[in-house]
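Here is the naming used below: chain letters follow the sequence lines, and residue numbers restart at 1 for every chain.
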2 protein chains.
Amino acid sequence: MPQTDDLSEDRGRPTVEDTVLGELIGYRLKRAYMQIQPEAQRVLAEDDLRVVSFSCLSIIADNAGIVQSELADALQMERSNLVVIIDELEQRGLVTRKKVPTDRRRYALTATLRGRRLRDRAADKVRTAEDQIIGRLDDKDRAHLMAVLERLEAKTR
Amino acid sequence: MPQTDDLSEDRGRPTVEDTVLGELIGYRLKRAYMQIQPEAQRVLAEDDLRVVSFSCLSIIADNAGIVQSELADALQMERSNLVVIIDELEQRGLVTRKKVPTDRRRYALTATLRGRRLRDRAADKVRTAEDQIIGRLDDKDRAHLMAVLERLEAKTR
DNA sequence: AATAATAGTTATTGACTATAACTATTATCC
DNA sequence: GGATAATAGTTATAGTCAATAACTATTATT
């Protein structure tokens, strides 16, 4: 027999009814994301990285010579907002910007050794942080989740 | 035989390598969310609702008499940011605020008939918009996704 | 050669979130 | 029972972030 007959309450926190929001995928996605994001932000901040700068650094590390427009496309952000981020990564010696000889409008971005090492280290920390949150998901559920999310992304194009 | 031998390109859009981000759940969640959110925003704007005001209206409609602090808890937002949102819902005649006699610090929030009708209509539009994006997911994948997302949410508490 | 489009940049704006400080009211603890 | 804590709502403000427009330099188009 439970300690209380009233299952609508859980140790003083009354259950709030919800007939609509919980069935919306956007709502569920946002709330799940909000569980993960602050932790990712926190571990990245230890290396003075924001989530967005880590994302940039990571894509640059995987694509030596990528130019800013392509990076902006890949990360679905405005190229104007990229500028200061790349500025900072460059000043910290994590990436280099050099003119493309065949098209002098463009700058080729390349991660330095330091940049690649930081990326790898930061990625490990983010993975660890994520694993602590999603730990209870077994490998099958996790793989299924990732696959479905990837399909959701691909929907528009 | 494919039209082109080079599968790394898809009609002029070069594939960007990614060895790290795509394996991160936070990254995938955000990108999936970003597919849905603008559409939800768009259809709600037709009824002069923001996503957050729709969320408030919906929870109030499901919980007649809920007070602002409880609502803020349920939606994981700051109660200070709730004030102007409730102000507007009240001015539009969608919810009422009335003093709780037993605790005069609190205001009981209740959705009006108009508020409930608008909530129902807006929810239908959001569901329709979501269905167009996730249309290709079958019922099984959809149910699995929702269940896993719900478990992710519950992890911290 | 004239005109378009593209890449990068700068500056600015609006939206949203978080924080601190305040008032009124209720709960708590000697 | 009275001093002190905590809570609910509110206001104002500051920081973060994404979106936009305007500009220069360079390349592509016609």
Convert the base pairs of DNA chain D into dot-bracket notation, remembering that pairs crossing earlier ones are written with [ ] and that bases paired across to another strand are shown as |; include only Watson-Crick or G-U pairs under 3.5 Å. ||||.|||||||||||||||||||||.|||
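Rounded to whole Å, the distance from CD on B/Glu78 to C1' on D/dT10 is 14 Å. One interatomic measurement links the two molecules: CG of A/Leu109 to C1' of C/dG8, which rounds to 11 Å at whole-angstrom precision. One interatomic measurement links the two molecules: CG of B/Leu75 to P of C/dT17, which rounds to 11 Å at whole-angstrom precision. Between the OH atom of B/Tyr33 and the P atom of D/dA18 there is a distance of 13 Å, rounded to whole Å. Atom C1' of nucleotide D/dA8 and atom CG of B/Asp73 are separated by 12 Å, given to the nearest angstrom.
Residue B/Val100 belongs to a hydrophobic cluster whose other members are B/Val67, with links defined by side-chain heavy atoms closer than 4.5 Å.
Looking only at distances, a side-chain donor or acceptor of A/Glu130 sits under 3.5 Å from a matching main-chain atom of B/Ile25. Panel note: side chain B/Arg106, backbone B/Lys99; no donor-acceptor pair is recorded below 3.5 Å. Side-chain atoms of B/Arg79 never come within 3.5 Å of backbone atoms of B/Gln68 as a donor-acceptor pair (strictly under, hydrogens ignored).
Put simply, B/Gln68 has a side-chain N or O that comes within less than 4.0 Å of OP1 or OP2 on D/dT10. Applying the 4.0 Å criterion to OP1 and OP2 of D/dT10, one finds that B/Arg97 has a side-chain N or O inside that range. Taking side-chain N and O atoms only, A/Gln41 has no distance below 4.0 Å to OP1 or OP2 of D/dT16.
Residues from residues 79-94 of chain B with heavy atoms under 4.0 angstrom of DNA chain D, sorted by number: B/Arg79, B/Ser80, B/Val83. For residues 45-65 of chain A, proximity to DNA chain D is found at A/Arg50, defined as any non-hydrogen atom under 4.0 angstrom from a strand atom.
Looking at B/Thr110 and B/Asn63, their side chains never come closer than 4.5 Å, going by heavy atoms from C-beta outward.
Nearest-nucleotide positions on DNA chain C place A/Arg106 closer to the 5' end than the other of A/Arg106 and A/Lys30.
In this structure, A/Glu78 and A/Ala72 approach most closely via the heavy-atom pair C-CB, 4.3 Å.
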For nucleotides 25-30 of chain D, 5' to 3', base contacts (B), sugar-phosphate-only contacts (S) and non-contacts (-) with protein non-hydrogen atoms under 4.0 Å give BBS---
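Syn is the classification of C/dA4, since its glycosidic angle stays within 90° of 0. More than 90° away from 0 lies the glycosidic angle of D/dA22, which makes this nucleotide anti.
Taking the side-chain contact (heavy atoms from CB on, under 4.5 Å) definition, one finds that B/Thr112 meets it with B/Thr96, B/Arg114, sequence neighbours left out. Every residue was checked against the side-chain contact (heavy atoms from CB on, under 4.5 Å) condition with B/Thr128, not counting sequence neighbours, and none meets it. By the side-chain contact (heavy atoms from CB on, under 4.5 Å) test, A/Arg92 is found to be paired with A/Asp48, A/Leu49, A/Glu88, A/Leu94, A/Leu118, residues two or more places apart in sequence or in another chain being considered. B/Asp131 meets the side-chain contact (heavy atoms from CB on, under 4.5 Å) test with B/Ile134, B/Arg142; sequence neighbours excluded. Considering only residues two or more places apart in sequence or on other chains, B/Lys30 meets the side-chain hydrogen bond (donor to acceptor under 3.5 Å, both in side chains) condition with none of them.
We find the NZ-CG distance between B/Lys125 and B/Leu44 to be 8.0 Å, quoted to the nearest 0.5 Å.
Pairs passing the ring pair (Phe, Tyr, Trp, His ring centres under 6.0 Å) check and including a residue from residues 98-150 of chain A, sequence neighbours excluded, read A/His144-B/His144.
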Show me the donor-acceptor pairs within less than 3.5 Å that the side chains of residues 51-62 of chain B make with the rest of the protein, sequence neighbours left out.
from    : atom 1 : to       : atom 2 : distance (Å)
B/Ser53 : OG     : B/Arg50  : N      : 2.9
B/Ser53 : OG     : B/Arg50  : O      : 3.2
B/Ser55 : OG     : B/Val51  : O      : 2.9
B/Ser58 : OG     : B/Arg119 : NH1    : 3.0
B/Asp62 : OD1    : A/Thr19  : OG1    : 2.9
B/Asp62 : OD1    : B/Arg119 : NH1    : 3.3
B/Asp62 : OD1    : B/Arg119 : NH2    : 3.1
B/Asp62 : OD2    : A/Thr19  : N      : 2.6
B/Asp62 : OD2    : A/Thr19  : OG1    : 3.1
B/Asp62 : OD2    : B/Arg119 : NH1    : 3.4

